[in-house]
Amino acid sequence: MTITTMALRLSDTVADLLGLLDRPINPDPLIQIARRRTGLGDFGETSFIGPLTRLLESCSTESALSIVGRSATKWDVVRFLSNLLLVQNAAAQSPAMRAAPVRQPVFITGLPRSGTTFLHRLMLTDPANRAPTVWETIYPSPVAGTRDQRIARVARQLKTFEWLAPEFPALHPLDATSPQECSEITAHVFRSLRFDTNYHIPAYRNWLDADVVRHLPAYRFHKLFLQFLQCQDRMPRRWVLKCPEHLFALQAIRAVYPDARLVFVHRDPVKVLLSQARLTEVLRRPFTRRLDPRTIGPDESRRWLDGTQRMMAVGDDAGFPDAICHVHHMDLISDPVSTVETVYRHFGMTLAPGTTAAIEAYVAARPKGGYGEHSYHFEDHGLDEQVERARFRPYMVRFGVTAETAPARRRVPGPEHAASDGERTLQG
């Protein structure tokens, strides 16, 4: 444990004893701060208030927010609200922006940690393709400064988060100019699983799952956000978008983007679960005073079992003009160039000159995609390999997914080899 971590935990303990950390977070002051910062008052419509209120209630009562967690939550909410005001104002000032077409966007989805990020970044080596970047989803408006100023500002913020979560860069390499997942866009209207990844908020998540219309408002704003970004571009490009959460919103995507193209990336779900559970643990730890990693695995298993069932339900046809393109993780990592070419052929797209060489250069410069070495164990996150294999077998059979080598079970120490507190075996 570092000195910084010790200091933060001590501060949390004192604040907790004083009853400062479980106080309700009221959305109204945060809405007023966003209005003052932007000088704008019209959100266009206010359907975001209900989801925002539910999110803050769940964060306050369920997630045991730390001092860092409370501060980060408020900062995030004010940022999303400020961006919402700026985007809505631009749409009101420029009807042409709202009317601008978003033609044949490509949506890459599948289980988290399955290779969706890798495929996304390979396709973005083609200069004809475009994705929202990290800095754009945080500061989309030129009101926040020049492009370089906003990039530098976000780079500093990422460095701060790495200081709080030093394991994060090896699990998910990211910088200010990296392409960003769409969950960061839908979070602006507070209808996103992005929050469930960062916080333990079962009440919010259950409401989100039960709200049958939740995806439509989120993806309507998603399109408006893309229109806002593309009106700042000098040349139009094809949107290539990525997010595992898209699995749960296929009907909304079809309603908002009727000519969308859909890519499913498939990988051994058991391998995926361990990696996703570990990433969720690392992301949540700075924001909470209490964290039991063994509860994360079962939650992730339930969530992504639902995701695989949704993929099986649509098969090859999700109602878009083109059939779904299926990509397998093992093919992607063994032959990235051929895999990207297969996606292009599937949709009748043309690979820009030089893209093959750009893909090869990208892969050569980033062994293992830039990810670090990791050691995962089922029992660390409350999972049992055989149980999970049985649960996900129908999905693997349906799409011909190859099982990958599972990690060895952690050895239970005998009397001659007692584990330290940091190494003690967790029994699943």
Side-chain angles (χ1 to χ4, degrees), residues 21-27 30 46-66 69-70 72-74 76-77 80 109 111-113 181-222 243-253 269 272-273 276-277 279-281 283-285 287-313 381-383 387-388 391-392 395:
L21 297 181
D22 290 322
R23 292 179 177 177
I25 302 176
N26 188 339
L30 304 179
T46 57
S47 65
F48 69 89
I49 292 178
L52 171 59
T53 301
R54 290 178 181 273
L55 171 66
L56 294 179
E57 286 176 351
S58 197
C59 284
S60 298
T61 60
E62 296 179 310
S63 61
L65 290 174
S66 62
R70 283 183 71 88
T73 301
K74 292 178 181 179
D76 249 358
V77 168
F80 287 135
T109 190
L111 299 179
R113 320 295 287 174
E181 293 193 352
C182 294
S183 56
E184 189 70 14
I185 299 175
T186 55
H188 282 75
V189 289
F190 308 101
R191 295 172 180 267
S192 172
L193 288 177
R194 180 255 201 209
F195 301 112
D196 182 66
T197 301
N198 287 358
Y199 308 103
H200 176 67
I201 43 175
Y204 171 81
R205 176 167 160 173
N206 290 339
W207 167 77
L208 206 58
D209 288 343
D211 181 12
V212 294
V213 302
R214 73 175 175 98
H215 297 299
L216 202 51
Y219 281 84
R220 283 173 177 159
F221 177 77
H222 181 277
C243 191
E245 188 175 341
H246 293 321
L247 284 178
F248 306 104
L250 297 180
Q251 290 183 346
I253 293 171
V272 160
L273 284 178
Q276 178 64 13
L279 177 61
T280 300
E281 176 191 351
L283 287 171
R284 286 183 183 179
R285 194 171 292 282
F287 303 134
T288 184
R289 311 188 303 279
R290 294 186 292 275
L291 180 65
D292 182 358
R294 290 169 294 184
T295 66
I296 295 175
D299 283 346
E300 294 296 333
S301 178
R302 285 189 292 271
R303 166 65 66 193
W304 298 111
L305 180 64
D306 183 16
T308 63
Q309 290 168 343
R310 289 168 186 261
M311 283 190 278
M312 288 190 290
H381 291 97
L383 295 171
V387 171
E388 299 307 322
R391 282 158 61 85
F392 285 95
Y395 162 75

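Any value given below was found using the heavy atoms of this structure, including those in side chains, with hydrogens, waters and symmetry copies removed. It should be emphasised that the depicted structure is a prediction, and the values quoted were computed from it without experimental measurement.
Applying the side-chain contact (heavy atoms from CB on, under 4.5 Å) rule to Q251 yields the partners R254; only residues at least two apart in sequence or on another chain are considered. Y219 is linked by a ring pair (Phe, Tyr, Trp, His ring centres under 6.0 Å) to H222, H246, counting only residues two or more places apart in sequence or in another chain.
Separation of atoms CG (L250) and CZ (R310) is listed at 8.0 Å; rounding is to 0.5 Å. Note: E57 CD to N26 CG = 10.0 Å, rounded to the nearest 0.5 Å. Here the CG-CD1 distance, from L216 to I253, works out to 11.0 Å after rounding to the nearest 0.5 Å. To the nearest 0.5 angstrom, E181 atom CD is 10.5 Å from L193 atom CG. One distance of note links CG of D22 with OG1 of T61; it measures 8.5 Å at 0.5 Å rounding. Atom CG of L208 and atom NE2 of H215 lie 7.0 Å apart (nearest 0.5 Å).
Judged as a salt bridge (Lys or Arg N to Asp or Glu O under 4.0 Å), the pairs with a partner in residues 186-205 (not counting sequence neighbours) are, in order, D76-R194, E184-R194, R191-D211, D196-R205.
Without hydrogens or angle criteria, S63 side chain to H200 main chain gives no donor-acceptor distance under 3.5 Å. E62 contributes a side-chain N or O that, together with a main-chain N or O of A203, makes up a donor-acceptor pair within less than 3.5 Å. Under a 3.5 Å cut-off, the side chain of S183 and the backbone N or O of S192 do not form any donor-acceptor pair. Proximity of a side-chain donor or acceptor of S58 to a complementary backbone N or O of R54 within less than 3.5 Å is not detected. Distance alone, capped at 3.5 Å, places no donor-acceptor pair between the R284 side chain and the N198 backbone.
Side-chain contact between S301 and L273 is present, with at least one heavy-atom pair separated by less than 4.5 Å. For the pair F48 and P217, the minimum side-chain heavy-atom distance is 4.5 Å or more. Side chains of F248 and D306 form a contact here, defined as non-hydrogen atoms less than 4.5 Å apart. With a 4.5 Å cut-off on side-chain heavy atoms, P298 and L383 count as touching. Between R113 and P244 the shortest side-chain heavy-atom distance does not fall below 4.5 Å. Side-chain contact between T308 and F392 is present, with at least one heavy-atom pair separated by less than 4.5 Å. Using a 4.5 Å cut-off on side-chain heavy atoms (C-beta onward), L279 and T197 make no contact. Within the 4.5 Å cutoff, the side chain of I25 has heavy atoms near those of the L30 side chain.
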Q: List the steps and the verdict of side-chain contact (heavy atoms from CB on, under 4.5 Å) for T53 and F190.
A: CA-CA 9 Å; T53 301; F190 308 101; over 6 Å; no

Q: Would you please test T73 and F287 for side-chain contact (heavy atoms from CB on, under 4.5 Å) and show each step?
A: CA-CA 9 Å; T73 301; F287 303 134; over 6 Å; no

Q. Please walk me through it: do T280 and H381 pass side-chain contact (heavy atoms from CB on, under 4.5 Å)?
A. CA-CA 11 Å; T280 300; H381 291 97; over 6 Å; no

**Q.** Trace of the side-chain contact (heavy atoms from CB on, under 4.5 Å) decision for R70 with R23
**A.** CA-CA 10 Å; R70 283 183 71 88; R23 292 179 177 177; 4.0 Å; yes

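Scanning all heavy atoms of the two residues, the minimum distance from C182 to C243 falls at N-CB, 3.8 Å. Heavy atoms only, all atoms of each residue included: Y199 and A72 are closest at OH-C, 4.4 Å.
The pair E300-R303 fails the salt-bridge criterion, with no side-chain N (NZ, NE, NH1 or NH2) lying under 4.0 Å from an Asp/Glu carboxylate O.
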